[in-house]
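The structure under discussion appears below in the form of structure tokens.
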Amino acid sequence: MVNCTVNSHLLKFWMLVILSSTAIARAEITSSTSAHLLTINGPIGPSVSDYITRGISDAEQAGAELILLQIDTPGGLDSAMRDIIKSILNAPMPVVGFVAPEGARAASAGTYILYACHVAAMAPATNLGAATPVQIGGGGSPMPGAPGDAKDKPKPARGATAMEKKQINDAVAYIRGLADLRNRNADWAEQAVREGASLSANEALQNNVIDLIAGDWDKLLQAIHHREIEFNGKPRTLQTANVEIIRITPDWRSDMLGVIANPNMAYILLLIGIYGLIFEFSNPGLGGPGIIGAICLFLALYAFQILPVSYVGLGLIALGVALMVAEAFAPSFGILGVGGGIAFVVGSIILMDTDLPAYQIAFPLIAGFALSSFLLFGVGLNMAMRARKLKYATGNESWIGKKAIASEAFIGKGHVRVEGERWRAECSEPVEANDEVIIDEINGLTLKVHKKT
């Protein structure tokens, strides 16, 4: 009886151990989290902003518990940067920013984005900073390009215009707000804006600009496991030991937006649209040039809506094209053509109202289009207009100026023979049979003629 009782207790003990082990294993499985990995690689523009914003929204719908943001950028447009930061600040899950791989940088706009992330990390041999704003464009203020550009820029404190001071103060207030939100070095952030300062990964860690340094994502996720952060005003402990990384690449929409929003492509679409409409209006009924031109023109206008475009430059391009077209219709010994070419080139150069190299139109492209436009409108259309003035070679219209023979004597109205055909004719003077007359005009089925002198 005692043995049965002991065996019963042992059985219960082992069952309890097995159930506990199963519960622990199940808890470990359910504790694994999914993280969506988004990548910023290159200048920050409308396509990158759209990709990051929709990536965070899709991660929420997919139930992801973490956003991993890999950053390698020389900077970009202020409007796109602020859209990305708004998405990060309003994200329903923590965002981990990581400047990687080795040799990458988070310059200019990238510095602001890294400051906005809940966790900021850098790989070895990376850098960040140079966050001084440069000239503001019509569609949004651009941020500077490479970190090295800031060394040669004077401090804006002295000799700066009122607009430049406003830009600097606005940028300082913005980045200090992000620094205070994430408990990071706000003084250095202000220095990065006012003086274009930059830091290496080790210096950034020492100055409390970032949280840690890691070689890759696996090491970073191990390092932040059980790390406590402030999320939406409340403490939150990160569980990243068994995280499943899901890499999200830009889809067709982001790729198409990236192509359209490229300043060179937008410029090409604009000119194709203008040329197509001009050819359609000069040769009504073709259809193809007008349809293609209208589509390209609308795509170009959409791109210009999200790019920092100078409307003065856009107006000069339109004026230049108009003057070159006028040269074809009303030759002015080259004055209109040369003036149009100059306006076209100047407008193309200042079309993008930003100092960012990534958002400048390539000068060889401008020169090529200017030369081809001048030749097209100054020579091609002129030849077309001259061809219109030539006499018809075929059809009834080619009869104008030709001889006809009177079939009968008539005064006013009668009949004549033209190339074996009998036509009604009108003449203001008496005509005898077999008289030769000259055709002046064709009015329906009646020829207006006059007697050959």
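In this structure, the side chain of Thr132 engages the main chain of Gly196 through a donor-acceptor pair within 3.5 Å. The backbone N or O of Ala120 lies less than 3.5 Å from a partner atom in the side chain of Asp211, making a donor-acceptor pair. A side-chain donor-acceptor contact under 3.5 Å links Thr73 to the backbone of Gly42. Side chain of Thr53 to main chain of Ser87: no donor-acceptor pair is present (N/O by atom type, distance under 3.5 Å, no hydrogens or angles). Listed for the Asn207 side chain is a donor-acceptor partner under 3.5 Å among the backbone atoms of Glu203. Between the side chain of Ser348 and the main chain of Phe344, a donor-acceptor pair closer than 3.5 Å is present. Checked by atom type and distance alone, the side chain of Asp72 pairs as donor or acceptor with a backbone atom of Arg105 at under 3.5 Å.
The list of ring pair (Phe, Tyr, Trp, His ring centres under 6.0 Å) pairs with a residue in residues 220-263, not counting sequence neighbours, reads His118-Phe231. The stretch residues 163-211 participates, sequence neighbours left out, in no ring pair (Phe, Tyr, Trp, His ring centres under 6.0 Å) pair at all.
Residues that satisfy the side chain to side chain donor-acceptor pair (under 3.5 Å) test with Arg176, not counting sequence neighbours, are Asp187, Glu190. Residues passing the side chain to side chain contact (heavy atoms under 4.5 Å, CB included) test with Ala300, sequence neighbours excluded: Leu269, Leu270, Phe304. Remark: Gln222 pairs with no residue by the side chain to side chain contact (heavy atoms under 4.5 Å, CB included) rule, at least two apart or across chains. Applying the ring pair (Phe, Tyr, Trp, His ring centres under 6.0 Å) test to Tyr51 and every residue at least two apart in sequence or in another chain returns nothing.
Paired with Val95 under the rule side-chain contact (heavy atoms from CB on, under 4.5 Å), one option of Leu89, Ile52, Ile113, Leu69 passes, and it is Leu69. Under the side-chain contact (heavy atoms from CB on, under 4.5 Å) test applied with Ile366, the options Leu371, Leu351, Val346, Ile349 reduce to a single match, Ile349.
Within 6.0 Å of the CZ atom in Arg236, the count of heavy atoms belonging to other residues, nucleotides or ligands exceeds 12.
In summary, Asp50 and Arg54 engage in a salt bridge, as defined by a charged side-chain N under 4.0 Å from a carboxylate O.
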Checklist entry - Checking side chain to side chain contact (heavy atoms under 4.5 Å, CB included) for the pair Leu238/Leu66: CA distance, chi angles, key distance, verdict? => result CA-CA 9 Å; Leu238 298 177; Leu66 200 64; 4.2 Å; yes
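Closest heavy-atom contact between Leu114 and Ile71: CD1-CD1, 4.2 Å.
Taken to the nearest 0.5 Å, the CE atom of Met81 stands 4.5 Å off from the CG atom of Asp78.
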